[in-house]
Amino acid sequence: MKNILKTEKSVKTLAEIRKFLLSDRWMIALAIFSLIIACLHAHLPEQDFHIWGSVVLGYITGVCFLLTGDIMAMLIPTLFTYVIAMRCYNSLEAFSEIWYLAIPLVFMLLFNLIYYGKKPSAKGSQFFPMLLVSIAVTIGGVGVITPQDYLGGASIYNMLGIGFGMLFVYCIFFPRINATSDYSLIDKLSKIMVMVGLTASLAIFAQYIININDVIDNPGIIYMRWRNNTSTILMIALPFAFFRANKSSYSIIVGFIFYMAMLLTGSRGGMVFGTIELVMCIVMFVLYDKRRRLAYAIICGCFVIAALIYLPEITEFLNYTLKRLFRVINQFLMGGEDTETRVRHYARGIKDYLNNPVFGTGLGNMTNRDIFKNKPGALCWYHCEPIQIAGSFGTVGIIAFIYQFIKRNILIWKKATLFNMTIFLSYISLELMSLVNPGILCPVPYLLLITIFMIVVEKCDDGEDQVKIPIFKKFRDKRKAKKNAKKELVTK
């Protein structure tokens, strides 16, 4: 590219293009395109709009990879691609017919790594815990899993995605993500997450508007296969809406929009853990964003009053989700042969761990297909992160993942700022959702996002001016006062 860009004009043009790829206008354009594809898919679900929309967005992402080495600029189209791609449930056969379209994308990715790449760095605080997790994931199932299952396509992809592949991504990204004077990493990442969450939310609302006649005839939740994935991305994005309220109070309304969209998906995990997350966000930002405390109180109060007034109607509308939620809780407590697939997976995962306590049964283990026949190209998930770690990687995996969890939280809490607390709320909410779904064990986009979050936190702690918030200040002050009182008594 250096040979192509010989003139001053071409260099200037490329700089302007790279600036545009980080702009709000570009994000809005991608959001509008994604919404159009979502609406077409909602109106004509039997057509392949979602598949071809994913392909187009994939190529847009590839072009961005050619034009810039900025990780934030590359992340923007990647996430919008996922907003549409998650609708491609059980579409492996359709994508396999157009596999050749992936070839140019592979070359675009390789070009990016070679041309824009810097020397990989192992200096990040998360390198060692990720290395331990990579080893645990790779040796999971030793002596138990069959070679066919271990070397299966889905198994290799997820093992690399959770393990050494993501470690490689971390080492590649760490030197390429830096706090610079060109723009604020914190501001850019929070904008990206809010815009992606808003697009996912509007796509859900569009689903209801397009099918409004059915909704009027049969008031209630519309069934969506992608409900858990949509809820998961919304849970990751929700705290950033509250964080953006730091600059504009109305952004808190966006957080409630995310929550309403979660409820409309019909996801039980989104309903339960999304509610917990919303409460955590309100408490966190009311406590530590004092300048907008009144605005938070007024907005939250309006939503609570409206919810109470229309509680019977809301409960009736969400009846489908509530019934499914109470049924699974009852089955979990009572047991029996007719329990839901997820509950039986939990029991099987615990049994697999007890039978193979050191290394587990391996991530690609397919012996549990008698409970649920997984789709082509997918793993036989236990749908619960702690059980998945124990069942697939054994005690070795449990130790590695706990160590990684601790190191992530040490990094986040080392410097208590509103941004770091936003990352904490986003991360811990994903962990909550992962109690009932693969969640954070899915390499793209969830684990990839958390990996990027950790790098941004580490780089911005020293690279950007942030005001510390008084987490546990009262507790520390009381403890200090007691110590001083004791010293005074001793002196006397």
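Only heavy atoms go into these numbers, but all of them, side chains included; no hydrogens, no water, no symmetry mates. Predicted model, so just to flag it, every value in this text is computed and none were measured.
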| said: Check whether Asn330 reaches the backbone of Phe326 with its side chain - one donor and one acceptor, N or O, closer than 3.5 Å. | reply: no

| field | Glu313, CD atom: more than 12 neighbouring heavy atoms under 6.0 Å | value | yes

| message | For the backbone of Thr361 and the side chain of Asn365, can you confirm whether one donor and one acceptor N or O come within less than 3.5 Å of each other? | response | no

| said: Angle between ring planes, Phe240 versus Phe453, binned at 30° and 60°: parallel, tilted or perpendicular? | reply: tilted

| note | Residue pairs meeting side chain to side chain donor-acceptor pair (under 3.5 Å), one or both in residues 30-51, sequence neighbours left out, come to His41-Arg87

| query | Do Tyr320 and Tyr223 have their ring centres less than 6.0 Å from each other? | reply | no

| message | Is it true that, when you exclude Asp465 itself, more than 12 heavy atoms of the residues, nucleotides or ligands shown sit nearer than 6.0 Å to its CG? | response | no

| task | Would you please say whether a donor-acceptor pair under 3.5 Å links the side chains of Arg324 and Asn319? | result | no

| Asp149 side chain to Met366 backbone, donor-acceptor under 3.5 Å | yes

| field | Cys380 SG to His345 NE2 distance, which is reported to the nearest 0.5 Å | value | 4.5 Å

| field | Polar side-chain atom of Ser251 near backbone of Phe242 as donor-acceptor pair, under 3.5 Å | value | no

| Distance-only, no hydrogens or angles: does the Tyr170 side chain make a donor-acceptor pair with backbone N or O of Gln126 under 3.5 Å? | yes

| Out of curiosity, Ile71 CD1 to Ile455 CD1, how far, rounded to the nearest 0.5 Å? | 8.0 Å

| query | Any donor and acceptor pair, going by atom type alone, linking the side chain of Thr199 with main-chain N or O of Ala31 inside 3.5 Å? | reply | no

| message | Does the plane of the ring in Tyr296 sit parallel, tilted or perpendicular to the ring in Phe285? Use 30° and 60° as the thresholds. | response | perpendicular

| query | Would you call Ile428 and Phe405 a side-chain contact if the rule is heavy atoms closer than 4.5 Å? | reply | yes

| request: Test Leu430 against Met235 for side-chain contact (heavy atoms from CB on, under 4.5 Å), laying out the working first. | output: CA-CA 7 Å; Leu430 176 58; Met235 288 185 71; over 6 Å; no

| Any Tyr382 side-chain heavy atom under 4.5 Å of Pro438 side chain | no

| query | Is any side-chain heavy atom of Leu264 less than 4.5 Å from a side-chain heavy atom of Tyr208? | reply | yes

| request: Could you label the plane-to-plane angle of the Tyr82 and Tyr446 rings as parallel, tilted or perpendicular, counting under 30° as parallel and over 60° as perpendicular? | output: perpendicular

| Heavy-atom check, side chain of Phe258 versus side chain of Cys281, under 4.5 Å | no

| Flag, side chain of Ser91 to backbone of Ala94, donor-acceptor distance under 3.5 Å | no

| message | For Asp187, is there an ion pair with Arg244 - N to carboxylate O distance below 4.0 angstrom? | response | yes

| field | Contact check, side chains of Phe256 and Ile282, non-hydrogen atoms, under 4.5 Å | value | yes

| With a 4.5 Å heavy-atom cut-off, do Ile177 and Leu185 have their side chains touching? | yes

| field | Close side-chain approach of Leu35 and Phe205, heavy atoms under 4.5 Å | value | no

| task | Output the distance between atom CZ (Phe243) and atom CE (Met421), rounded to the nearest 0.5 Å. | result | 11.5 Å

| request: Identify whether the distance between the nearest side-chain nitrogen and carboxylate oxygen of Asp70 and Lys188 falls below 4.0 Å. | output: no

| said: Within the 4.5 Å heavy-atom criterion, are Ile233 and Leu449 side-chain neighbours or not? | reply: yes

| task | Taking atom CZ of Arg25 as the centre, report whether more than 12 heavy atoms of other residues, nucleotides or ligands fall under 6.0 Å from it. | result | no

| task | Given salt bridge (charged side-chain N to carboxylate O under 4.0 Å, His left out), test Asp370 with Arg348 step by step and report yes or no. | result | CA-CA 11 Å; Asp370 58 311; Arg348 182 66 65 83; 3.0 Å; yes

| query | Taking Thr417 for the side chain and Asn420 for the main chain, is one N or O donor matched with an acceptor at less than 3.5 Å? | reply | yes

| Does Ala416 offer a backbone N or O that forms a donor-acceptor pair with the side chain of Lys468 under 3.5 Å? | no

| request: Step by step, work out the ring pair (Phe, Tyr, Trp, His ring centres under 6.0 Å) result for Tyr89 and Trp226. | output: CA-CA 7 Å; Tyr89 187 86; Trp226 56 91; 9.0 Å; no

| Minimum heavy-atom distance between Ser54 and Ala85, given as atom pair plus value | OG-CA, 3.3 Å

| request: Run through Leu75, Thr81, Leu30 and flag the one making a side-chain contact (heavy atoms from CB on, under 4.5 Å) with Thr61. | output: Thr81

| field | Option among Ile210, Ile209, Asp214, Ile216 that satisfies the side-chain contact (heavy atoms from CB on, under 4.5 Å) test with Ile212 | value | Ile216

| message | According to side chain to side chain donor-acceptor pair (under 3.5 Å), does anything in residues 252-277 pair up with another residue at least two apart or in another chain? List the pairs. | response | Asn228-Ser267, Ser231-Thr265, Tyr259-Thr275, Arg268-Glu340, Glu277-Ser429

| Does Tyr353 reach the main-chain N or O of Ser392 with its side chain, forming a donor-acceptor pair under 3.5 Å? | no

| request: For Ile162 and Leu447, work out which heavy atoms get closest and say how close. | output: CA-CD2, 3.7 Å

| request: Consider only side-chain N and O atoms of Asn374 and Asn368, and report whether a donor and an acceptor are under 3.5 Å apart. | output: no

